[in-house]
Amino acid sequence: MKKQTSKLRKPLGPVGRLLVSLLITAAVGFAYFYVSLPAINPQSGDFYSFLAILCVVYSISVFFLAAPVTKTDAVVRTPREKVKEWLQFVRKSCLPVLILFVAIIAVALVGQIISLPIFRAAAYRELLTVQTGDFAADVAQISFNEIPTLDRSSAEFLGDRQMGTLSDMVSQFEYSGDSTQINYQGRPVRVAPIAYADLIKWFTNRGSGLPAYVVVDMVTQEATVTRLTEGMKYSFSEPLNRNILRHLRFQYPTMMFATPEFEINEEGHPYWIAPRVVKRIGLFGGVDIQGAVLVDAVTGECQYHEEVPNWVDTLYVPELIMQQYDYYGTLIHGFINSVLGQKDVTQTTDGYNYIAMNDDVYMYTGVTSANADQSNLGFLLTNQRTKETHFYTAPGATEAAARASAEGVVQDLGYNSTFPLLLNISGEPTYFIPLKDATNLVKTYAMVNVAQYQIVATGTTVSACEQSYIQMLTDKGVTQVELLPQTEAKGQVTEIRTAVIEGNSYYFLRLQGEKVFYSISAAQNREVVTLNVGDTVTIEYAQPLPPNPYLDSVPPPSIYDGYTLYINERMTVFPNNE
């Protein structure tokens with residue numbers, strides 16, 4: 001009887017298997033890299049995942065392309081023998097790849113272990129340098145035209161609503177929601193690019209790019225759409241090579257980046273700010289920022305800056321700053337104490353806000369004990385461009401307690417509070433809390449004293465809220481007016497001018513028959529805001545001084561020509577209208 005040999009496909013030779021397997025691995029690897037964009041950097045966890053996937057793909061390719069030695073039907077093999085035969089073949093063909101795979105896993109595990117805070121507590125504490133500051137001296141009293149009255153959600157609501165009013169854009173584009181709070185020409189604003197409404201709209205408009213971005217003034221609550229002479233070609237809404245993340249990865253394949261933030265320079269030109277991420281502890285620990293890549297949103301031109309330009313406001317995001325302070329506060333006496341004894345352990349509170357000072361944006365958050373009770377020990381202010389951080393001792397209510405206190409005053413109206421903004425009002429740390437209705441619009445404002453959060457003032461305008469708050473501080477004995485023994489001037493008010501100087505509101509009064517202006521601080525003399533032309537007042541004043549250089553900020557400056565200015569006068573007799 002003639003034996004029959006089973007017909008099996010002819011296997012590829014060793015060289016053929018190698019080439020085909022490498023081609024399949026390269027194709028899968030390119031697709032994965034294009035979609036996931038891992039940094040080719042040994043400090044990136046995604047890099048090890050990428051290498052591991054390449055090893056697995058290569059091994060699977062070899063497994064399916066390989067064929068064991070053809071055997072006749074006379075040789076009967078059990079399933080176990082077949083599996084053993086396959087494994088032996090794959091082991092011989094993929095041994096270097098298997099060694100590489102094991103090495104990748106080992107390096108990743110060891111890297112994670114040596115980067116743990118339990119072994120490197122001191123290094124983690126040194127990620128952030130915290131200085132102690134004097135609140136009243138460091139944080140100037142902010143003027144009304146610099147106080148943000150919106151939170152992020154309200155600003156984005158207004159930006160989205162403004163987009164809906166533009167008939168030539170609304171059918172093709174939408175508000176992106178990728179907003180960033182910056183200082184633009186001396187004012188706190190949120191800026192965000194628009195985005196393609198869908199994939200079809202991208203396909204039909206990609207040639208000209210995104211034609212505008214949205215600016216929301218955080219003080220006036222005015223949203224505007226700024227049109228560009230040349231559209232933005234690089235953004236998150238681009239699905240292919242002009243996607244901002246993909247563009248950065250192809251330009252800088254080894255750099256690790258935090259999420260790029262959209263900003264505009266002082267001339268209004270749009271950029272993407274991509275902070276460069278570095279790991280300072282072990283292999284994977286101690287996340288920090290070292291410079292940034294600035295990407296022109298119109299042309300795609302990239303430039304790395306170790307020291308970013310001054311107009312850049314957002315380099316260190318609040319989440320990173322808070323994480324670094326939590327290491328600083330919890331590891332003060334080592335890792336064991338942070339878990340068990342927790343002596344002197346502090347941490348940030350749940351939330352943050354922004355303060356604009358000195359043409360920079362500062363991140364604010366509270367600091368509380370490890371028990372996370374209803375009391376703050378103080379708060380942090382961190383420059384988001386330089387990471388300069390100050391801690392201010394101010395025992396008092398947490399932001400959550402202050403919000404509840406503010407909501408309690410207007411509970412009959414059902415308003416919801418936003419996260420507080422910290423202000424210096426008459427030298428007192430004060431929570432400023434906008435209150436919103438159900439439609440996400442700000443309806444009123446509250447000021448809550450940090451140390452005594454039962455002191456709550458409200459007002460439909462920031463000015464009215466401040467005056468009510470200052471009155472409460474005086475009534476409660478928290479602050480008091482300092483009397484100055486001065487010369488008197490009495491007469492009828494014939495002219496009133498106002499100005500904001502170094503964050504303080506000043507009223508300039510001229511009495512009938514005189515050619516002098518008396519400068520009176522509203523923070524020290526709250527009754528001055530009630531004056532009208534024609535009222536009769538008595539003013540105590542010190543000595544005449546040269547014209548104040550800050551008058552250049554009072555429009556128009558020429559109104560003071562020919563007048564003498566008296567500084568820091570105090571009214572001792574208020575309107576009597578004789």
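Owing to the predicted nature of the structure, the values given are computational and were not obtained by experimental measurement. Positions are given from 1, in the same order as the sequence printed here.
Within a 6.0 Å sphere centred on CZ of F203, other residues, nucleotides and ligands contribute 12 heavy atoms or fewer. The environment of D198 atom CG is dense: over 12 non-hydrogen atoms of other residues, nucleotides or ligands sit within 6.0 angstrom. Counting non-hydrogen atoms of neighbouring residues, nucleotides and ligands closer than 6.0 angstrom, the CZ atom of F157 exceeds 12 such neighbours. Within 6.0 Å of CD on E306 lie more than 12 heavy atoms contributed by other residues, nucleotides or ligands.
Checked for salt-bridge contact, D288 and K279 miss the test: no charged N lies under 4.0 Å from a carboxylate O. Classification of R187 and D217 as a salt-bridged pair holds, one side-chain N sitting under 4.0 Å from a carboxylate O. We find that K233 and E230 are joined by a salt bridge, their nearest charged nitrogen and carboxylate oxygen being less than 4.0 Å apart. We find that E407 and R403 are not joined by a salt bridge, their nearest charged nitrogen and carboxylate oxygen being 4.0 Å or further apart.
Ring centroid separation for the pair Y48 and F284 comes in under the 6.0 Å cut-off. Taking the centre of each ring, Y328 and Y325 come in below the 6.0 Å mark.
The backbone N or O of D360 lies less than 3.5 Å from a partner atom in the side chain of N183, making a donor-acceptor pair. In this structure a side-chain-to-backbone donor-acceptor pair under 3.5 Å is missing from Q347 to T330. With T382 contributing its side chain and Q384 its backbone, the two residues share no donor-acceptor pair below 3.5 Å. Between the side chain of S36 and the backbone N or O of P38, no donor-acceptor pair lies under 3.5 Å. Side-chain atoms of D178 never come within 3.5 Å of backbone atoms of A192 as a donor-acceptor pair (strictly under, hydrogens ignored). In terms of modelled atom types and a separation under 3.5 Å, the side chain of N449 and the main chain of T430 share no donor-acceptor contact. N205 places a side-chain N or O within 3.5 Å of a backbone atom of K201 that can act as its donor or acceptor partner. Put simply, the side chain of T346 never gets that close to the backbone of V367: no donor and acceptor are under 3.5 Å apart. S154 contributes no side-chain N or O that, together with a main-chain N or O of L441, makes up a donor-acceptor pair within less than 3.5 Å. Checked by atom type and distance alone, the side chain of D296 never pairs as donor or acceptor with a backbone atom of E301 at under 3.5 Å.
Side-chain atoms of W272 and L294, non-hydrogen and from C-beta on, never get closer than 4.5 Å to each other. Using a 4.5 Å cut-off on side-chain heavy atoms (C-beta onward), D437 and Y415 make contact. When side chains are defined from C-beta on, L228 counts as touching P270, because their heavy atoms get closer than 4.5 Å.
Atom OG of S176 sits about 9.0 Å away from atom CE of M163, to the nearest 0.5 Å. In this structure, CD1 in I433 is found 7.0 Å from CG in L435, a value given to the nearest 0.5 Å. Residue L473 holds its CG atom at 10.0 Å from CD of E466, rounded to the nearest 0.5 Å. Y431 contributes atom OH, which lies 11.0 Å from atom OH of Y469 (distance to the nearest 0.5 angstrom). With rounding to the nearest 0.5 angstrom, the NE2 atom of H305 is 11.5 Å from the CG atom of L315. For the atom pair Y445 OH and L421 CG, the distance stands at 12.5 Å (nearest 0.5 Å).
Here the rule is ring pair (Phe, Tyr, Trp, His ring centres under 6.0 Å) with Y271, and of Y234, W311, Y213, F262 only W311 fits it.
A donor-acceptor contact closer than 3.5 angstrom links the side chains of K436 and N440. When only modelled atom types and interatomic distance are considered, S235 and S237 share a side-chain donor-acceptor pair under 3.5 Å.
The heavy-atom pair separating I194 from L210 by the smallest distance is O-CD1, 3.1 Å. Heavy atoms only, all atoms of each residue included: L381 and Y392 are closest at CD1-CE1, 3.8 Å. Contact record, Q181 with P188: NE2-CB, 4.5 Å, taken as the closest heavy-atom pair. For Q324 against V287, the heavy-atom pair with the smallest separation is NE2-O, 3.0 Å. Residues M256 and S44 share a closest heavy-atom pair of SD-CB, 3.7 Å. The two residues G282 and R120 make their nearest non-hydrogen contact at N-NH1, 3.6 Å.
A perpendicular orientation is assigned to the rings of Y354 and Y352, their planes being inclined by more than 60° (bins at 30° and 60°).
Relative to the six-membered ring of Y34, R246 meets both conditions, a distance below 6.0 Å and an angle of at most 45° to the axis.
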